[in-house]
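Written below as structure tokens is the structure these notes are about.
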Amino acid sequence: MKRKFSFLLFFFFFQVVLADLKIGFYRNTCPRAESIIFGAVQKRFSTDKSITAALLRMHFHDCFVKQSEKDAGANQTVRGFELIDEVKQTLEDECPLTVSCADIITLATRDAVALAGGLNYTVPTGRLDGLESNVGEVNLPGPSAPVSDVWQLFIAKGLNLNDMVTLFGGHTVGVAHCNFFQDRLSSPDGSMDPTLLNHLKRNCSSNNNGNPTAFLDQKTPFVFDNQFYKQIKLRRGILEIDQKLAEDESTAKIVSRFASNPVTFQKSFANAMIKMGNLVAKAGEVRQNCRVINKAKNRRSQTIS
Ligand code: HEM
Ligand SMILES: *[C@@H]1O[C@H](CO)[C@@H](O)[C@H](O)[C@H]1NC(C)=O
Ligand SMILES: *[C@@H]1O[C@H](CO)[C@@H](O)[C@H](O)[C@H]1NC(C)=O
Ligand SMILES: *[C@@H]1O[C@H](CO)[C@@H](O)[C@H](O)[C@H]1NC(C)=O
């Protein structure tokens, strides 16, 4: 018996989803998103003040490095991702495939900065998570790069010199592992306060901690304030690039302004963070698991409103 076959044609539409950032993006689709994120960050912060630094650095990497920082391989020194996983789980139960990982990181960072003493700035949401998951694109300059090289990177991202010096204010919290500034200790160039130099030499050679660190802001390492700028003016910067900001003629004046005016710094920081937070994938998806791109079956087509 002969049979006629009709072929069904499947058209695969690879719908490009475009990010459309606005304040309160989840107001209707996941109204409790921002308060759930805040609750989790506050809980963690109450027992672990270092979460502010962890999130801040994660957010910087998420914005500057196309590949998602959480993807396997990029685990070198970025901490705190388990908090993002936990929040994501809660939000998937509350409103599945709705709140992007990039937005969770952005909002969690905003809250952690505010809890540590920074401004609680209003940040637009609606980011999408990247569809690429390769680790090839990590090309951030190292901590010994010349100021002009780092400046070029910021310019390439549409940020200016003032934004750059402002965002380095993120180093007012958190730590650096000794390997990132070891050369300043083994062959000192006179740019570091001698007392600090001796302390760092001692701490970095101590064996009681396998991977010793130093606070980037030696005075108030858990407070989000302008102390970082005061410290680098006193030649108490830890990273070479931090110290150079206070000396380089392109940046020294901005450093002095922030060192003597905390309010100016806080406002400038909030603005620069919003600007940096806008550097996101224009097309992408809402990941179900922040560590991996979705399997095709979970890839939801969304339309642009
Ligand atoms: C190209 C510019 C930058 C360079 C070269 C740089 C370099 C570094 C290095 C080497 C560390 C130490 C990492 C470790 O030992 O684990 C560090 C830590 C940190 N960076 Fe940056 N950074 C830059 C820009 C930024 C920006 C723009 C921010 C945020 C706005 C930021 C926030 C942080 C924070 C908060 C830490 C401490 C992390 C922690 O305690 O876990 N950095 N940075
Ligand atoms: C990241 O961590 C995983 C498991 O903890 C390890 O297998 C992998 O080699 C690490 N990658 C890098 C680049 O350190
Ligand atoms: C910041 O403000 C938002 C509302 O805009 C709020 O949801 C959040 O809890 C606040 N965060 C902190 C740390 O106060
Ligand atoms: C050296 O280590 C001690 C103990 O961990 C710490 O309190 C101190 O801040 C460290 N000093 C420097 C310069 O990092």
Side-chain angles (χ1 to χ4, degrees), residues 23-24 27 31-42 45 48-65 76-80 107-123 125 139-147 149-154 157 159 163-182 185 192-193 195-206 208-209 211-219 221-222 224 228 231 236 238-242 244-245 269-270 272-273 275-277:
I23 309 283
R27 197 168 287 145
R32 299 199 321 128
E34 295 208 15
S35 61
I36 287 171
I37 294 167
F38 172 69
V41 174
Q42 190 182 38
F45 184 84
D48 176 12
K49 301 273 181 282
S50 80
I51 192 64
T52 303
L55 289 171
L56 201 44
R57 183 154 193 256
M58 186 193 300
H59 183 44
F60 164 57
H61 282 225
D62 210 41
C63 297
F64 265 65
V65 183
Q76 330 93 349
T77 56
V78 175
R79 304 178 296 116
L107 292 165
T109 302
R110 183 272 305 272
D111 289 335
V113 165
L115 287 166
L119 288 182
N120 186 359
Y121 47 91
T122 305
V123 63
T125 41
N139 53 1
L140 291 178
S144 306
V147 172
D149 285 13
V150 180
W151 186 3
Q152 282 315 303
L153 170 73
F154 278 72
K157 298 280 180 186
L159 300 172
D163 298 327
M164 179 186 92
V165 178
T166 304
L167 289 168
F168 266 98
H171 288 174
T172 192
V173 290
V175 298
H177 292 83
C178 293
N179 61 294
F180 286 111
F181 54 88
Q182 194 63 55
L185 311 183
M192 188 186 284
D193 166 62
T195 311
L196 175 63
L197 181 65
N198 285 329
H199 287 157
L200 290 175
K201 274 184 177 167
R202 184 159 2 104
N203 277 17
C204 285
S205 60
S206 69
N208 47 17
N209 173 356
N211 201 355
T213 58
F215 292 124
L216 289 165
D217 167 0
Q218 287 280 317
K219 193 81 181 282
F222 297 106
F224 200 88
F228 167 77
Q231 292 297 306
R236 295 175 62 81
I238 302 297
L239 301 176
E240 188 177 337
I241 183 68
D242 291 351
K244 280 181 190 154
L245 291 178
F269 190 78
M273 286 292 277
K275 248 173 119 173
M276 183 175 86

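Because the structure is a prediction, the values reported are computed rather than measured. Note that ligands are numbered from 1 as they come in the structure, with each ligand's atoms numbered from 1 the same way. All residue numbers in this chain count up from 1 along the given sequence.
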**Report entry** Set of residues satisfying side-chain hydrogen bond (donor to acceptor under 3.5 Å, both in side chains) with respect to D48, sequence neighbours excluded
**Finding:**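 Checked D48 against side-chain hydrogen bond (donor to acceptor under 3.5 Å, both in side chains); matches are R44, S50.
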For ligand 1, which atoms sit closer than 4.0 Å to a heavy atom of [X]?
X    : value
L216 : 18 (C), 19 (C), 36 (C), 37 (C)
A53  : 35 (C), 38 (C), 39 (C), 40 (O)
F168 : 2 (C), 3 (C), 23 (C)
P141 : 1 (C), 5 (C)
G174 : 37 (C), 40 (O)
G170 : 35 (C)

Query raised in the report: With a 4.0 Å cut-off on heavy atoms, is V175 touching ligand 1?
Result: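 Right, V175 reaches ligand 1.
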Query raised in the report: Does G142 reach ligand 1, in the sense of a heavy atom lying below 4.0 Å from it?
Result: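 Per 4.0 Å heavy-atom rule, G142 contacts ligand 1.
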Gap between atom [atom2] of [Y] and atom [atom1] of [X] - 0.5 Å precision:
X    : Y    : atom1 : atom2 : result
D149 : S144 : CG    : OG    : 11.5 Å
L167 : L159 : CG    : CG    : 6.5 Å
I241 : F181 : CD1   : CZ    : 15.5 Å

What is the minimum heavy-atom distance between [X] and [Y], and which atoms define it?
X    : Y    : value
M164 : L245 : CE-CD2, 4.0 Å
A108 : L55  : O-CD1, 3.7 Å
F222 : A116 : O-CB, 3.8 Å
F228 : L216 : CD1-O, 4.3 Å

Requested in this report: Out of R57, H59, M276, indicate the one that has the non-hydrogen atom closest to atom 19 (C) of ligand 1.
Outcome: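 The option holding the nearest heavy atom is R57.
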Requested in this report: Out of F180, F215, F269, indicate the one that has the non-hydrogen atom closest to atom 10 (C) of ligand 1.
Outcome: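 Among F180, F215, F269, the closest heavy atom to atom 10 (C) of ligand 1 belongs to F180.
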Show me which atoms of ligand 4 lie under 4.0 Å from any heavy atom of [X].
X    : result
H199 : 13 (C)
N203 : 1 (C), 2 (O), 3 (C), 8 (C), 10 (C), 11 (N), 12 (C), 14 (O)
L200 : 13 (C), 14 (O)

Report task. Determine whether K219 and R236 make a side-chain contact, defined as any pair of heavy atoms from C-beta on separated by less than 4.5 Å. Result ->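 In short, these two side chains do not touch, never coming nearer than 4.5 Å.
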Query raised in the report: Going by heavy atoms, is Q218 under 4.0 Å from ligand 4?
Result: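 Yes.
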Report task. Please identify each residue that fulfils salt bridge (Lys or Arg N to Asp or Glu O under 4.0 Å) with D163, with sequence neighbours left out. Result ->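 Residues passing salt bridge (Lys or Arg N to Asp or Glu O under 4.0 Å) with D163: K275.
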**Report entry** Any residue meeting salt bridge (Lys or Arg N to Asp or Glu O under 4.0 Å) with R32, in chain and number order, not counting sequence neighbours
**Finding:**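 R32 satisfies salt bridge (Lys or Arg N to Asp or Glu O under 4.0 Å) with E94 only.
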Can you tell me if [X] uses its side chain to pair, donor with acceptor, with the backbone of [Y] under 3.5 Å?
X    : Y    : result
T52  : A112 : yes
K157 : F64  : yes
K244 : A145 : yes

Query raised in the report: For ligand 1, which part of L140 has a heavy atom less than 4.0 Å away: the side chain, the backbone, both, or neither?
Result: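 Neither; nothing of L140 gets under 4.0 Å from ligand 1.
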**Report entry** Region of V150 that comes within reach of ligand 1 [heavy atoms, distance under 4.0 Å]
**Finding:**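 Side chain only.
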Distances under 3.5 Å, N/O of ligand 3 against N/O of the protein: list each pair and its distance.
{"residue": "ligand 3", "atom": "2 (O)", "partner": "N120", "partner atom": "OD1", "Å": "3.3"}
{"residue": "ligand 3", "atom": "2 (O)", "partner": "N120", "partner atom": "ND2", "Å": "2.4"}
{"residue": "ligand 3", "atom": "11 (N)", "partner": "D111", "partner atom": "OD1", "Å": "3.0"}
{"residue": "ligand 3", "atom": "11 (N)", "partner": "N120", "partner atom": "ND2", "Å": "2.9"}
{"residue": "ligand 3", "atom": "14 (O)", "partner": "N120", "partner atom": "ND2", "Å": "3.2"}

